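A short write-up of the structure that comes next.
No hydrogens, no waters, no symmetry mates; every other heavy atom, side chains included, goes into these values. Count residues from 1 along the sequence. Predicted, not measured: the structure shown is a model, and the values here were computed from it.
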Amino acid sequence: MCSICGEVSFKEPYALSYEIIDKMNKTMKHRGPDESDIFAGECAIFGHNRLSVMDLEKGKQPMSVVYGNKKYTIVYNGEIYNCDEIKKDLIKQGITLKTSCDTEVVLYSYILYGKDCPSKLNGIFAFAVYDGERVFFARDRFGVKPFYYSLKGESLIFASEIKAMLKHPKITSKIDKYGLWEILYLSPNFVSGKSVFCDISELSPGECMIFDPQGLKKWKYWQIEAKPFFKDKGYAVEKTRELMVDAVNRQLDSDVPLSVLLSGGLDSSVVSAIANEHYREQGKILSTYSFEYEGNKESFKNSLFQPEKDDDFATYLADYLGTSHTVLTCPTDELSDLLLPSTEHRDLVGQADIDSSLLYFCRQIKKKHTVCLSGECSDEIFGGYPWFYRPEMLYSDFFPWIHAPRMRASLFKDRVAKSDEGYEYISSIYKKSLEECPTLDSDTEEMRTARIASYLSVNYFMTSLLQRKDRMSMASGVEVRVPFADHRIFEFVFNVPWEIKFENRVEKALLRNSMVGYLPDKILWRKKSPYPKTHNPKYMQNVISLLDSRLAKGGYIKDTLDKSKLDEILSGNGTWFGQLMSSPQLVAWLIQLDYFMERYNVNIV
């Protein structure tokens, strides 16, 4: 994995600055600590930082080749999992490859297939290719790898992270009322195709674009389609099993040490079991990690969303599979101390300790492993959330995982939040998303509900999880791969009838049935449990103290927060976002918001 950045100008190439791109590139050194370089062409300058995972010697970027008397240069961030198949096709067409890394494969794919090349790639990626006449950009189907850009005058500026974009003198840190409403009502989810900053846009998942002397052209090369399903349950189970095994095995290729994140829940256990079988066949032992928090053994309380602790299940499955397992425990003080660094790595207000804990864990993993596989994205694709089978949660005014949509905005003076106006704006985005979901006239009401739930979850909830995973892992020099985010799995499962996916009213029944034989029943039929969080009361004490300190020194929160309203809300302890955000996370979110406004010198316009 890596970072990319650059600037392109065909009409004013004299304005391009090597020094500016160098400054942008240096802000993302954490994403590629192994190598850095800059390419300067006539109309484009590209910057790149490399985390070496494949072909450690020859995979240096920016990478250039000459083909048909034309020079092509690429900067690329990602991993391609069908590299072997594409290589065979390239070789058949007369290409001689000089490296074993996928960067060269992506570059020649563009040279031979042009704008159709992204649709041929199975993987996670964001890249730019310059040929002297145009620059072609593309991002993977689920947006696992980030890509931001800005069109300023005759220039197009791009980067993997917002912090790099803000290093360019043409780009300001202005946020208008729409960006503020996304923060107050929607974060850590955000609207695709834009950012909260007025000057910065986002290449959406499944999009590509061309910038040339005529201007910018952008289009979707992939989107999910609703199709009829003519097979039976047996076929659905076998096909799911085949796709899952293939997706995991493809992502085990690495020239550096690799591990798997194993929580003991269904999703991470599926990935671990398949990976372990592959390793055993090669005579190797798989390394796995699980996460815990200081003080949780004494303070854990079961709930509807977290009925059981993960640690016993993780160690049980690790013993069952015979993996080399490590339990990482996050100290409570680290959890609160890393709130500000995790905000800076995300470049946005995030998920409080859910972000800071992952940052801590990834730093520990990096001591022994550079690559790890994770079980994220299963719930969004296979139907692991209650809004998949509770239509009253979907057909309302607001995103179903945001339980108290007005709550955060109500904490601020209304001259700042304009709460009614903000609610209507985000609600309109939600309603529009409901209408955009592809369905069939032949769908049952249950199937239609499940399609919409999956479409929304993939485009909002999952995108946020992937952003968090990318930023916290890459901040630590770790590459996290997500086998469930294989577009082939989503394309298939999206069209499997809901009664197969929710057989006997068991969430993710299709995935469970497909993994019979891989997992023991204790894990296979375990009730869903989300990413673990701290239950230690010391954490609440820490974040209250941090918030009081920030209020005392002044700043955005001091000037805009209604403290009495906050005290009123903190007297309860319900969740307000997803399954994990409750009172301690609300205080931590406010700390992150205040720091974000200060650190990025945000100007609300």
(message) Is there a side chain to side chain contact (heavy atoms under 4.5 Å, CB included) between S160 and R31? Walk through the geometry before answering.
(response) CA-CA 9 Å; S160 296; R31 294 186 69 93; 4.2 Å; yes

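- Residues that satisfy the side chain to side chain donor-acceptor pair (under 3.5 Å) test with K174, not counting sequence neighbours, are absent from this structure.
- In this structure, the separation between OG1 on T449 and OH on Y395 is 3.5 Å, given to the nearest 0.5 Å.
- Taking all atoms of both residues into account, the shortest heavy-atom contact from L261 to S374 is CD1-CB, 4.1 Å.
- Contacts of E445 classified as salt bridge (charged side-chain N to carboxylate O under 4.0 Å, His left out), with partners at least two apart in sequence or in another chain: none.
- Checked by atom type and distance alone, the side chain of S173 pairs as donor or acceptor with a backbone atom of N601 at under 3.5 Å.
- Contact record, I200 with L166: CD1-CD2, 4.0 Å, taken as the closest heavy-atom pair.
- Taking all atoms of both residues into account, the shortest heavy-atom contact from L394 to L434 is O-CD1, 4.1 Å.
- Each salt bridge (charged side-chain N to carboxylate O under 4.0 Å, His left out) pair with one or both residues in residues 349-361, not counting sequence neighbours, appears once here: R346-D355, D355-R468.
- With hydrogens and angles disregarded, a donor-acceptor distance shorter than 3.5 Å links the side chain of Q585 to the backbone of S582.
- Taking the six-membered ring where the residue is Trp, F137 and F158 present perpendicular rings, their angle passing 60° and hence far from 30°.
- The side chain to side chain donor-acceptor pair (under 3.5 Å) search around S357 returns Y293, Y531, not counting sequence neighbours.
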(message) Please determine whether side chain to side chain donor-acceptor pair (under 3.5 Å) holds for the pair K533 and Y539, giving the CA-CA distance in whole Å, both sets of side-chain angles, and the decisive distance to 0.1 Å.
(response) CA-CA 11 Å; K533 73 172 183 177; Y539 179 69; over 6 Å; no

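- Side-chain contact annotation: N536 with T534, donor-acceptor N/O pair under 3.5 Å absent.
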(message) Could you walk me through whether D397 and S427 satisfy the side chain to side chain donor-acceptor pair (under 3.5 Å) test, starting with their C-alpha distance in whole Å, then the side-chain angles of each, then the deciding distance to 0.1 Å, before giving a yes or no?
(response) CA-CA 6 Å; D397 287 342; S427 178; 4.6 Å; no

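- Legend: residues meeting side chain to side chain contact (heavy atoms under 4.5 Å, CB included) with Q541, ordered by chain and number and at least two apart, are K538.
- A search for side chain to side chain contact (heavy atoms under 4.5 Å, CB included) contacts involving R599 returns E344, Y595, not counting sequence neighbours.
- Under the 3.5 Å distance criterion, the side-chain polar atoms of K413 are matched with a main-chain donor or acceptor of D559.
- Residues meeting the side chain to side chain donor-acceptor pair (under 3.5 Å) test with D337, sequence neighbours left out: none.
- W387 and S457 form a side-chain donor-acceptor contact under 3.5 Å, judged by distance and modelled atom types alone.
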(request) Report the C-alpha distance between S150 and D199 in whole Å, list the side-chain angles of each, state the deciding distance to 0.1 Å, and finish with yes or no for side chain to side chain donor-acceptor pair (under 3.5 Å). (result) CA-CA 6 Å; S150 181; D199 284 352; 5.9 Å; no

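- With respect to E507, the salt bridge (charged side-chain N to carboxylate O under 4.0 Å, His left out) criterion is satisfied by exactly one of K527, R526, K501, R512: R512.
- For S454, the side chain to side chain contact (heavy atoms under 4.5 Å, CB included) criterion is met by F388, V458, F490, F494, not counting sequence neighbours.
- Under the 3.5 Å distance criterion, with hydrogens and angles disregarded, no donor-acceptor pair is assigned to the side chains of Q467 and S464.
- Interatomic distance, CD of E499 versus NZ of K233, reported as 11.5 Å (0.5 Å rounding).
- Residues S187 and F190 share a closest heavy-atom pair of CB-CZ, 3.5 Å.
- To the nearest 0.5 Å, atoms CE (M447) and CG (L440) are separated by 7.5 Å.
- In terms of the salt bridge (charged side-chain N to carboxylate O under 4.0 Å, His left out) criterion, residue partners of R406 (sequence neighbours excluded) are, by chain and number, D420.
- By the 30° and 60° cut-offs, the orientation of the rings of Y185 relative to Y423 is perpendicular.
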(request) Before giving the answer on side chain to side chain contact (heavy atoms under 4.5 Å, CB included), spell out for E202 and V191 the whole-Å C-alpha distance, their side-chain angles and the decisive distance to 0.1 Å. (result) CA-CA 10 Å; E202 177 191 47; V191 179; over 6 Å; no

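- For F361 and Y289, the ring centers are positioned 6.0 Å apart or more.
- From T27, atom OG1 reaches atom CE of M165 across 11.0 Å, with rounding to the nearest 0.5 Å.
- Side chains of S356 and S342: a donor-acceptor N/O pair is absent below 3.5 angstrom, by distance only.
- Separating the CG atom in D176 from the SG atom in C198 is a distance of 4.0 Å, to the nearest 0.5 Å.
- Side-chain contact, S268 with S263: a donor N or O sits under 3.5 Å from an acceptor N or O.
- Between L373 and P483, the shortest heavy-atom distance links the atoms CD2-CG, 3.8 Å.
- In summary, the aromatic rings of F127 and F147 are positioned with their centroids too far apart to meet the 6.0 Å limit.
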(message) Please determine whether side chain to side chain contact (heavy atoms under 4.5 Å, CB included) holds for the pair S201 and K194, giving the CA-CA distance in whole Å, both sets of side-chain angles, and the decisive distance to 0.1 Å.
(response) CA-CA 4 Å; S201 299; K194 58 195 288 292; 5.6 Å; no

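- Every salt bridge (charged side-chain N to carboxylate O under 4.0 Å, His left out) that K217 has, sequence neighbours left out, goes to D212.
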(request) Go through L203 and M209 one step at a time and tell me if the side chain to side chain contact (heavy atoms under 4.5 Å, CB included) criterion holds. (result) CA-CA 8 Å; L203 191 62; M209 62 186 186; 3.8 Å; yes

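- In this structure, CG on L566 lies 6.5 Å from CG on L547, to the nearest 0.5 angstrom.
- When each of R141, Q223, R139, K145 is paired with P205, the side chain to side chain contact (heavy atoms under 4.5 Å, CB included) condition holds for R139 and for no other.
- Remark: E446 pairs with T444, W498 by the side chain to side chain contact (heavy atoms under 4.5 Å, CB included) rule, at least two apart or across chains.
- Relative ring orientation between H487 and W222 is described as perpendicular, the plane-to-plane angle rising above 60° on a 0-90° scale split at 30° and 60°.
- In terms of heavy-atom proximity, K558 sits nearest to L551 at CD-O, 3.1 Å.
- Under the rule for a side chain to side chain donor-acceptor pair (under 3.5 Å), the partners of K163 that lie at least two apart in sequence or sit in another chain are E161, D347.
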